[in-house]
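Data first, discussion second: the structure below is written as C-alpha cells.
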Amino acid sequence: MQNREINHQPSCEDELNSGLLTVAEAQGRILDGVTALTEAETLPLREGIGRVLATEIVSPIDVPSHTNSAMDGYAVRAGDLPEEGVREFPVPGTSWAGRPWLTAIEPGQAVQIMTGGMMPEGADTVIMQEQVEREADTVRIGSGHKAGQIVRAAGEDVATGQAVLAPGKHLSAADIGVLASLGLAEVSVFRRLKVAFFSTGDELRAVGEPLGPGEIHDSNRYTLYGMLKKLDVEIIDMGVVKDRRELVERAFRDAAACADVIITSGGVSVGEADFVKETLEKIGRMAFWKIAMKPGRPVTFGQIDDAVFFGLPGNPVSVMVTFFQFVRQALLKMSGETGTAGVYAVRARTTTALRKRPGRYEFQRGVLEQPEPGEFTVRSVGAQGSGILRSMSEANCFIMLEPDQAGIDAGQQVLVQPFQNLI
C-alpha cells in the first residue's frame with residue numbers, strides 16, 4: 001500500500017483558521033454587497049407602523065399650532081404679578097382646550113385656562129390653580145412666580161418647515177403619533193422585501209409526519225420563518241428540497257424569479273450530497289463561504305439573477321447564529337432601514353466558566369441578568385453544540401468570545417450581545 005499524506009479539507013474542528021474571513025470582514029462584505037430598495041408605496045397612516053419611511057417628512061404646520069397652557073390655572077400678564085404680597089385679579093372668563101377665550105386680556109385681569117387651552121392675547125404667564133385662591137369672579141395671586149412659566153409656545157414641539165423624520169426610519173408608535181400631530185393621513189414607505197427560503201436534505205420531514213430511520217423534523221424553516229417575521233418582510237416558504245442537483249437548481253431559479261432574497265439552510269459544506277455551493281457557482285456567483293467562527297463556519301453569500309443569496313449551515317443553532325450575525329442587518333439595509341435596529345453589546349461578569357479553544361470567534365449562548373441596577377451578569381446555558389437548539393430557546397444573548405481568547409474563568413468580564421425579542 002502506498003504511504004501518502006491525506007489532504008485535509010478545512011473543517012469546523014480546526015483550531016486555526018488560516019485564510020478564512022473574520023466575522024467583521026464577512027459582515028462588511030455582505031453590507032457592501034447589498035443595496036436598498038427604491039420602490040415605495042403610500043399607505044394609510046396606521047398601516048405604516050413597523051414599516052420603513054421612504055421620504056423625508058417636513059412639517060406643514062406648527063405643533064402645537066398655538067401657544068397654550070401646560071396646566072390648569074390662570075393666564076395673566078407677567079408685568080401684573082406682585083413682587084411681594086398678594087394681588088386680586090378679576091376673572092372675566094375661561095379658555096378651554098378647543099374653546100379659546102378670544103378676547104384680549106386687559107391689564108390686571110386673569111383668565112382661567114385649562115391644560116391645552118390657547119393663551120389669550122396679551123397673556124404670557126400661567127399660575128397653576130393650586131397656587132391661587134378663587135372667590136367668585138376674583139382670584140388672589142401671591143408673589144414668587146416667573147414670567148413665561150407653564151406656557152407651551154406654538155411650534156415648541158415641531159415648527160413649520162422643520163425636517164421631522166428622515167428616510168430609512170423604522171416607524172414606531174411614537175413616529176406614527178408625530179405624523180398624526182402634523183395632520184398627515186398617509187405615509188410613503190418602502191415596499192416589503194420579498195424573501196424566499198427553503199431547507200435542503202433527504203433526511204428532513206415536515207412536522208406532523210412520522211420519522212423513519214435516520215430522519216429528522218425540519219426545524220430550520222420554522223426558526224427562519226420566526227426570525228423573518230420580526231423583520232416585517234414578505235415571506236415565501238418553498239418547503240424542503242431533496243439533495244438532487246436538478247431539484248436544487250430548479251428551486252434556485254424559481255426563488256430568484258419571485259424574491260429579492262433567497263435563504264437556504266443546509267448543503268453548503270463539502271459533502272458529496274451538498275449541492276448548494278456547486279449549484280450557486282453554476283447559475284449565479286459566490287462571494288465567499290468560509291468564516292472563522294463557531295458555530296456557523298460554512299456560510300455562502302452570492303447572487304442569482306437579481307436576487308441576493310444566503311446559504312446557511314444545516315445545524316439548527318448555526319442557522320440562527322449566522323442569520324443574526326450576517327443576514328438580519330443585510331435585510332434591514334435592503335429594506336431601506338438605517339441604524340442598528342436594536343443590536344448592541346454590553347460588558348457583563350460571567351458567573352460560569354466558559355470553555356473555548358483559540359482560533360475562532362465564538363458565539364456562545366447565555367442568559368444575561370441584572371442583579372443590581374447598573375450591574376450585568378451572564379451565565380452559560382450549558383452545552384454549546386450547534387445541534388442543540390434548546391440552547392437558543394433558553395438563552396437571551398450571545399456571549400461573544402474573540403478568536404485569541406481561551407477558556408474564561410467565572411468572575412471575568414465578557415462581551416455580551418442581547419437578542420431577546422430580536423429573533
Side-chain angles (χ1 to χ4, degrees), residues 43-51 53 56-166 169-187:
L43 300 178
L45 183 57
R46 285 184 175 177
E47 294 181 20
I49 188 75
R51 300 294 294 273
L53 186 65
E56 182 180 55
I57 301 296
V58 177
S59 179
I61 61 173
D62 285 337
V63 180
S65 59
H66 54 275
T67 301
N68 66 90
S69 176
M71 296 181 180
D72 293 347
Y74 291 85
V76 299
R77 298 171 182 265
D80 293 338
L81 293 171
E83 293 184 4
E84 56 184 34
V86 176
R87 180 175 180 178
E88 290 188 355
F89 292 76
V91 181
T94 302
S95 182
W96 302 85
R99 286 185 289 143
W101 179 260
L102 297 177
T103 304
I105 193 171
E106 296 180 5
Q109 287 185 331
V111 171
Q112 186 179 21
I113 192 167
M114 301 303 169
T115 303
M118 188 170 76
M119 291 290 287
E121 182 181 348
D124 58 11
T125 301
V126 172
I127 312 301
M128 59 193 305
Q129 65 180 10
E130 292 84 355
Q131 296 177 343
V132 305
E133 293 179 356
R134 176 75 183 264
E135 295 180 4
D137 293 334
T138 301
V139 67
R140 301 176 71 246
I141 300 175
S143 61
H145 300 287
K146 296 181 180 179
Q149 67 180 28
I150 317 179
V151 175
R152 295 184 292 208
E156 179 179 276
D157 186 0
V158 180
T160 301
Q162 179 180 341
V164 181
L165 297 176
K169 182 76 164 66
H170 182 95
L171 294 173
S172 66
D175 298 326
I176 295 298
V178 168
L179 297 178
S181 74
L182 303 181
L184 302 179
E186 296 179 326
V187 62

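Nothing fancy with the numbering, it's 1 onward along the sequence.
Counting all heavy atoms, side chain and backbone alike, Val139 lies closest to Ala110 at CG1-CB, 3.8 Å. In plain terms, the two heavy atoms of Thr115 and Ala70 that are nearest each other are CG2-O, 3.6 Å. In this structure, Ile113 and Gly117 approach most closely via the heavy-atom pair CD1-O, 3.3 Å. The two atoms that bring Gly122 and Arg77 nearest to each other are O-CG, 3.4 Å, heavy atoms only. Contact record, Ile49 with Ser172: CD1-C, 3.3 Å, taken as the closest heavy-atom pair. Residues Ala159 and Ser59 come closest through the heavy atom pair O-CB, 3.6 Å.
In this structure, the side chains of Met119 and Ser95 stay at 4.5 Å or more apart for every pair of heavy atoms. Looking at Asp80 and Ile141, their side chains never come closer than 4.5 Å, going by heavy atoms from C-beta outward. Side-chain contact between Ile127 and Gln149 is present, with at least one heavy-atom pair separated by less than 4.5 Å. Contact of the Leu102 side chain with the Met118 side chain is registered, since non-hydrogen atoms from C-beta on lie closer than 4.5 Å. Looking at Leu179 and Leu165, their side chains come closer than 4.5 Å, going by heavy atoms from C-beta outward. Between Val126 and Met71, the closest side-chain pair of non-hydrogen atoms is not below 4.5 Å.
For the atom pair CG of Leu171 and CD1 of Ile176, the computed distance is 5.0 Å after rounding to the nearest 0.5 Å. Rounding to the nearest 0.5 angstrom, the gap separating the CZ atom in Arg51 from the CG atom in Asp175 is 14.5 Å. Within the model, atoms CE of Met128 and CD1 of Ile150 stand 5.5 Å from one another, a figure rounded to the nearest 0.5 Å.
Using modelled atom types, one side-chain atom of Trp101 and one backbone atom of Thr103 make a donor-acceptor pair closer than 3.5 Å. No side-chain donor-acceptor contact under 3.5 Å links Thr125 to the backbone of Ala147. Of the possible donor and acceptor atoms, one in the side chain of Arg152 sits under 3.5 Å from a partner among the backbone N and O of Ser69. Judged by distance alone, the side chain of Asp62 and the main-chain N or O of Ala154 form no donor-acceptor pair under 3.5 Å. With hydrogens and angles disregarded, a donor-acceptor distance shorter than 3.5 Å links the side chain of Gln109 to the backbone of Glu106.
Annotation: Glu130, atom CD; neighbour count of heavy atoms from other residues, nucleotides and ligands within 6.0 Å is above 12. More than 12 non-hydrogen atoms from other residues, nucleotides or ligands lie less than 6.0 angstrom from CD of Glu156.
Residues that satisfy the side chain to side chain contact (heavy atoms under 4.5 Å, CB included) test with Glu88, not counting sequence neighbours, are Thr138, Arg140.
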Exercise. Report the C-alpha separation of Arg134 and Val91 in whole Å, then their side-chain angles, then the decisive distance to 0.1 Å, and conclude whether the side-chain contact (heavy atoms from CB on, under 4.5 Å) test is met.
Key: CA-CA 9 Å; Arg134 176 75 183 264; Val91 181; 4.0 Å; yes

Exercise. Could you please spell out the steps behind the side-chain contact (heavy atoms from CB on, under 4.5 Å) verdict for Asp124 and Val151?
Key: CA-CA 7 Å; Asp124 58 11; Val151 175; over 6 Å; no

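With respect to Val63, the side chain to side chain contact (heavy atoms under 4.5 Å, CB included) criterion is satisfied by exactly one of Asp157, Thr160, Val178, Val164: Asp157.
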